[in-house]
Each structure stands twice: as C-alpha cells, then as structure tokens.
Amino acid sequence: MWTIIDPNTLGIKDIEGNIETEKVEKQKIVIERVPFVDKVRRSDRELKDKYDDIKAYLLSYGLKSRISIDGDTYRLHTVKYVHITIAGKKMKIYYALNPNDYLTSTIPVKGASAKKYADVKAYLDVKSDLSVKRAKILIDTVMANAGIEKINK
C-alpha cells in the first residue's frame, strides 16, 4: 500500500484517498545563516584564488573592504561600488551598474531586484577564469564611471 502526504489536511492518505491518520505535525524549519568568512574558508582552493584575485584588484583602486555575514562590500566615502557573495560553488559580484546596458553585450550581466541590493543592481556569476576577466572589466567600468583611478598600476 502506498501512502501520500496531503498538505491540505496534514494527514496521510492511501491511494484510494482514505485518511489513515491525523498525527502529522508541522515541523519548524530552521535556517542556519553561514557567515561569509566561513563560506570562503570552506570553499575549494580554486574559488579562494579567484576571490583573492578580485579582492586585490578592487583594493588596487583604493576601495575599503567591509566583511559582513552576507558578503564583502567595497566602498569609498560611503558610496558602495561592489558587493561580493558566495553561493554554493560560485561567487556573485554585484556592481553599481545598470544591467540594461549589458543586454546585447558578451558579458552575461543579470539584474538584482532585491531591496538590499538597491545600490548595486547588476551582478555577474564568477565560476571560471573567463568570468574573472569579465569581472575585472566590469570593475574597471564602475571605477571609470565614478572617476576613480587605480593607485597601484
């Protein structure tokens, strides 16, 4: 006999639809937030190297880094330019750019609609060496739009 859990009655039904029991309890879902530092620490060597490379590139513009539970934010004089997060085996880099400017571009920039990313609306998934090069191109674009020049050339 097969049993199917019915989400409407929270009971267990057999195939004919007869309810066998009403003893199914709702379980509280516990979501554990993993801090960004732990995500970097737990990631593989390849992702760590990509993160370190992009971080060094951002710091070469004189930006200040602030690591929070959510990610790593790069600012200068209270203006947020770049925000980095890690999700699974990829890194997401959010930029202070308009994602609509890259609709016909070869760089696969996506738009972030979340309220917490209001300052940095466009993001790029970084998984490969090519995406690291594209990420640096976008960083150069953000800095050129802001009028910030590289300190370490």
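- Here the closest non-hydrogen pair linking Thr85 and Gly71 is CG2-CA, 4.4 Å.
- For the ring pair (Phe, Tyr, Trp, His ring centres under 6.0 Å) test, no residue two or more places apart in sequence or in another chain qualifies with Tyr102.
- In this view, Lys110 and Asp125 satisfy the salt bridge (charged side-chain N to carboxylate O under 4.0 Å, His left out) rule, not counting sequence neighbours.
- Side-chain contact between Ser131 and Met91: absent, with no pair of heavy atoms (C-beta onward) separated by less than 4.5 Å.
- Leu103 is linked by a side-chain contact (heavy atoms from CB on, under 4.5 Å) to Asn100, counting only residues two or more places apart in sequence or in another chain.
- Linking Ile, Leu, Val, Met, Phe, Trp and Tyr whenever their side-chain heavy atoms come within less than 4.5 Å puts Ile67 and Val82 in one cluster.
- In terms of heavy atoms, Leu97 sits closest to Pro99 at O-CD, 3.5 Å.
- Atom NZ of Lys90 is separated from atom OG of Ser43 by 15.0 Å, given to the nearest 0.5 angstrom.
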task: Start with the C-alpha gap between Asp72 and Tyr51, add the side-chain angles, then the distance that decides, and say whether side-chain contact (heavy atoms from CB on, under 4.5 Å) holds.
output: CA-CA 10 Å; Asp72 193 0; Tyr51 170 71; 2.6 Å; yes
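- The minimum heavy-atom distance between Ala135 and Ile54, with the atom names listed, is CB-CD1, 4.1 Å.
- Every residue two or more places apart in sequence or in another chain was checked for a side chain to side chain donor-acceptor pair (under 3.5 Å) with Tyr95, and none qualifies.
- Under the 4.5 Å side-chain heavy-atom criterion for ILVMFWY residues, a single connected hydrophobic cluster contains both Tyr61 and Leu76.
- If you take CE on Met143 and CD1 on Ile139, they are separated by 7.5 Å, rounding to the nearest 0.5 Å.
- By the salt bridge (charged side-chain N to carboxylate O under 4.0 Å, His left out) test, Asp70 is found to be paired with Lys116, residues two or more places apart in sequence or in another chain being considered.
- A single hydrophobic cluster is seen to contain both Ile137 and Ile93, as judged by linkage of ILVMFWY side chains at heavy-atom distances under 4.5 Å, directly or through other members.
- Rounded to the nearest 0.5 Å, atoms NZ (Lys127) and CG (Leu47) are 12.0 Å apart.
- Lys50 is linked by a salt bridge (charged side-chain N to carboxylate O under 4.0 Å, His left out) to Glu46, counting only residues two or more places apart in sequence or in another chain.
- Evaluation of the side chain to side chain donor-acceptor pair (under 3.5 Å) rule for Arg41 yields Asp38 as partners, not counting sequence neighbours.
- With sequence neighbours excluded, the residues forming a ring pair (Phe, Tyr, Trp, His ring centres under 6.0 Å) with Tyr94 are Tyr117, Tyr123, listed by chain and number.
- Evaluation of the side chain to side chain donor-acceptor pair (under 3.5 Å) rule for Thr73 yields His83 as partners, not counting sequence neighbours.
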Candidate pair Tyr57 and Asp140, rule side-chain contact (heavy atoms from CB on, under 4.5 Å), full reasoning: CA-CA 10 Å; Tyr57 196 76; Asp140 290 337; 2.6 Å; yes
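- Under the rule for a salt bridge (charged side-chain N to carboxylate O under 4.0 Å, His left out), the partners of Asp53 that lie at least two apart in sequence or sit in another chain are Lys136.
- In the hydrophobic clustering, Ile31 connects to Ile29, either directly or through intervening members, whenever side-chain heavy atoms lie under 4.5 Å apart.
- Rounding to the nearest 0.5 Å gives a distance of 11.5 Å between CZ of Arg42 and NZ of Lys48.
- Remark: Leu58 CG to Lys150 NZ distance equals 10.0 Å, nearest 0.5 Å.
- By the 4.5 Å heavy-atom criterion applied to side chains, Tyr74 and Ile84 are counted as neighbours.
- Taking Thr141 as the reference, nothing meets the side chain to side chain donor-acceptor pair (under 3.5 Å) condition, with sequence neighbours excluded.
- Remark: the backbone N or O of Ile86 is paired with a side-chain donor or acceptor of Lys39 at under 3.5 angstrom.
- Rounding to the nearest 0.5 Å places CD1 of Ile107 at 11.5 Å from CG of Asp101.
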- request: Just do the side-chain contact (heavy atoms from CB on, under 4.5 Å) check on Val109 and Leu138 with the steps written out, would you?
  value: CA-CA 9 Å; Val109 174; Leu138 292 174; 3.7 Å; yes
